[in-house]
Amino acid sequence: MNDFNFYSPTRFVFGRGACDRTGETLAAQGWKRVLVVYGQGSVVRTGTLERALSSLDAAGIAHTELAGVRPNPEVALVREGIATARGESVDAIVAVGGGSVIDTAKAIALGVPYEGDVWDFFCKRATATRALPAAAVLTIPASGSEASDSCVISNDELGMKCGVNTDLNRPAVAIMDPELTFTLPAYQTAAGITDMISHVMERFFSGQPSVPVTDHIACGLIRAAMEAAPRVMEDPRDYDARANLMWVGTLAHNGLAGCGLNVPGARDGDWTCHGMEHELSALDTSITHGAGLAVVFPAWMRYVWGEHPERFLTFAEEVFGIEPVDPEVDDLSRIDEDITPERAVADAVEAAIDELQDFFVSLGMPRTLGELGITEGDIDRLLEGLKVTRGERFGTFATLTLEDARAIYQSAL
């Protein structure tokens with residue numbers, strides 16, 4: 001087990017009616033005036049925003065609103081939010097929505113005390129040293145942004161999508177009411193499930209040796225998501241299934257699933273698949289992040305598993321019950337005599353990857369990049385962005401080049 005730092009300062013208020021306790025929860029933080037950030041209408045249509053604002057009013061917390069956050073949030077609205085927050089002298093930023101809204105709130109919180117342009121943090125020209133506190137009223141379990149150190153923002157002018165990781169991004173409070181997710185469309189639910197599972201896998205496949213306690217946590221989170229998924233697809237109002245998914249999404253990305261698997265001096269995971277997917281949604285902002293991951297992750301797995309087959313064998317057994325074959329054992333009686341131990345390992349790994357991709361597809365996620373409108377002609381543009389955001393060599397599970405990335409994209413078309 002590698003040395004690690006685990007920091008999770010967020011207070012979680014979880015359960016039925018939690019949204020209606022937003023005001024009293026934030027008042028306990030000593031906040032008096034907040035900027036409320038939300039999306040493009042769903043929180044208004046469902047009444048969630050009104051419930052949160054009424055709760056703030058009841059607690060005597062003044063508030064200003066910033067609406068219009070889109071999926072794959074854009075820096076222009078962040079800049080607008082920074083100007084508004086400064087003009088209103090707010091002491092906190094409150095997100096009411098999913099990952100895109102929360103990331104917008106985080107970026108605003110980073111930008112308010114900074115004298116330069118907030119994009120400086122995302123293009124690595126500056127490092128954040130201060131931020132306003134933030135809170136999240138979560139409506140979409142997916143990104144885990146309600147407790148993570150991550151914030152991802154797009155810049156349409158530059159055609160880029162970049163992230164900032166700092167503990168300053170971790171919200172002070174997360175209000176988590178599973179009932180708010182009852183009205184989520186099936187596609188959005190499925191994309192969220194794919195995203196949370198991907199967060200766990202990025203850490204599991206860090207390239208570091210097994211850490212049994214963390215492996216069990218990580219694979220248990222994936223199994224829990226996979227068990228709840230068909231239940232919410234059949235009955236969107238299944239409270240227990242929704243609650244499990246909401247909590248999995250949080251634990252998948254607050255760092256717990258990577259403790260001890262971190263690469264010394266680097267992040268707690270590989271993150272190649274997220275980097276490659278970000279280029280898809282930077283190219284076409286209508287591509288849902290989870291949908292892109294549903295295609296990219298299995299393609300990456302098939303390309304790299306040979307670097308550390310033992311990790312994939314553990315994954316196969318713990319998640320899918322596909323028993324790994326140890327080439328060193330003597331008893332191979334259950335294997336056809338014509339199959340070598342090496343082939344048996346490959347069959348087990350490939351079966352697990354197939355099971356994973358079939359699960360994503362069963363939820364309504366795409367199997368190929370072509371289903372997302374990506375063509376062979378787009379790959380050069382994807383690689384141009386990847387070179388800027390990840391460099392010419394990247395990855396901790398396997399060190400990849402841009403030509404490796406090209407091969408992975410091509411295999412997924």
Participant: Taking salt bridge (Lys or Arg N to Asp or Glu O under 4.0 Å) as the test, write out the residues that go with R406, two or more places apart.
Facilitator: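 Testing R406 for salt bridge (Lys or Arg N to Asp or Glu O under 4.0 Å), a comparison that skips the adjacent residues, returns D380, E403.
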Participant: Going by ring-ring contact (aromatic ring centres under 6.0 Å, His included), name the pairs with one or both residues in residues 370-408, residues two or more places apart or in two chains.
Facilitator: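 For residues 370-408: F205-F397, W300-F397, H308-F397, F312-F397.
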Participant: Who are the side chain to side chain donor-acceptor pair (under 3.5 Å) partners of R45, not counting sequence neighbours?
Facilitator: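 Partners of R45 under the side chain to side chain donor-acceptor pair (under 3.5 Å) test: none.
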Participant: So, using side chain to side chain donor-acceptor pair (under 3.5 Å) as the criterion, who are the partners of T48 when residues are at least two apart?
Facilitator: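 Once residues adjacent in sequence are excluded, the partners of T48 under the side chain to side chain donor-acceptor pair (under 3.5 Å) criterion are T46.
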Participant: Kindly write out the residues that satisfy salt bridge (Lys or Arg N to Asp or Glu O under 4.0 Å) with R86, not counting sequence neighbours, or none if the list is empty.
Facilitator: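 Expected list: none.
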Participant: Once salt bridge (charged side-chain N to carboxylate O under 4.0 Å, His left out) is applied, what residue pairs with a partner in residues 65-75 remain, sequence neighbours excluded?
Facilitator: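 Counting only pairs at least two positions apart or across chains, the salt bridge (charged side-chain N to carboxylate O under 4.0 Å, His left out) contacts touching residues 65-75 are R70-D156.
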Participant: Among all residues two or more places apart in sequence or in another chain, which pass the side chain to side chain donor-acceptor pair (under 3.5 Å) test with S54?
Facilitator: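 By the side chain to side chain donor-acceptor pair (under 3.5 Å) rule, S54 matches E50.
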Participant: Name all pairs fulfilling the side chain to side chain donor-acceptor pair (under 3.5 Å) condition that reach into residues 11-33, sequence neighbours left out, sorted by first residue then second.
Facilitator: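 Output for this query lists D20-R51.
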Participant: Would one find more than 12 heavy atoms of other residues, nucleotides or ligands at under 6.0 Å from atom CZ of R367?
Facilitator: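 Atom CZ in R367 is crowded, with more than 12 foreign heavy atoms closer than 6.0 Å.
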Participant: With sequence neighbours left out, what residues match R311 under salt bridge (Lys or Arg N to Asp or Glu O under 4.0 Å)?
Facilitator: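 In terms of salt bridge (Lys or Arg N to Asp or Glu O under 4.0 Å), with neighbours along the sequence ignored, R311 is linked to D215.
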Participant: Please list, chain by chain and in numerical order, all residues satisfying side chain to side chain donor-acceptor pair (under 3.5 Å) with E384, sequence neighbours excluded.
Facilitator: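 Once residues adjacent in sequence are excluded, E384 has no partner under the side chain to side chain donor-acceptor pair (under 3.5 Å) criterion.
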Participant: By salt bridge (Lys or Arg N to Asp or Glu O under 4.0 Å), which residues pair with E355, not counting sequence neighbours?
Facilitator: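 Partners of E355 under the salt bridge (Lys or Arg N to Asp or Glu O under 4.0 Å) test: none.
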Participant: Not counting sequence neighbours, list each pair that qualifies as a salt bridge (charged side-chain N to carboxylate O under 4.0 Å, His left out) and has a residue in residues 105-129.
Facilitator: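 Qualifying pairs, neighbours excluded: R79-D117, D120-R125.
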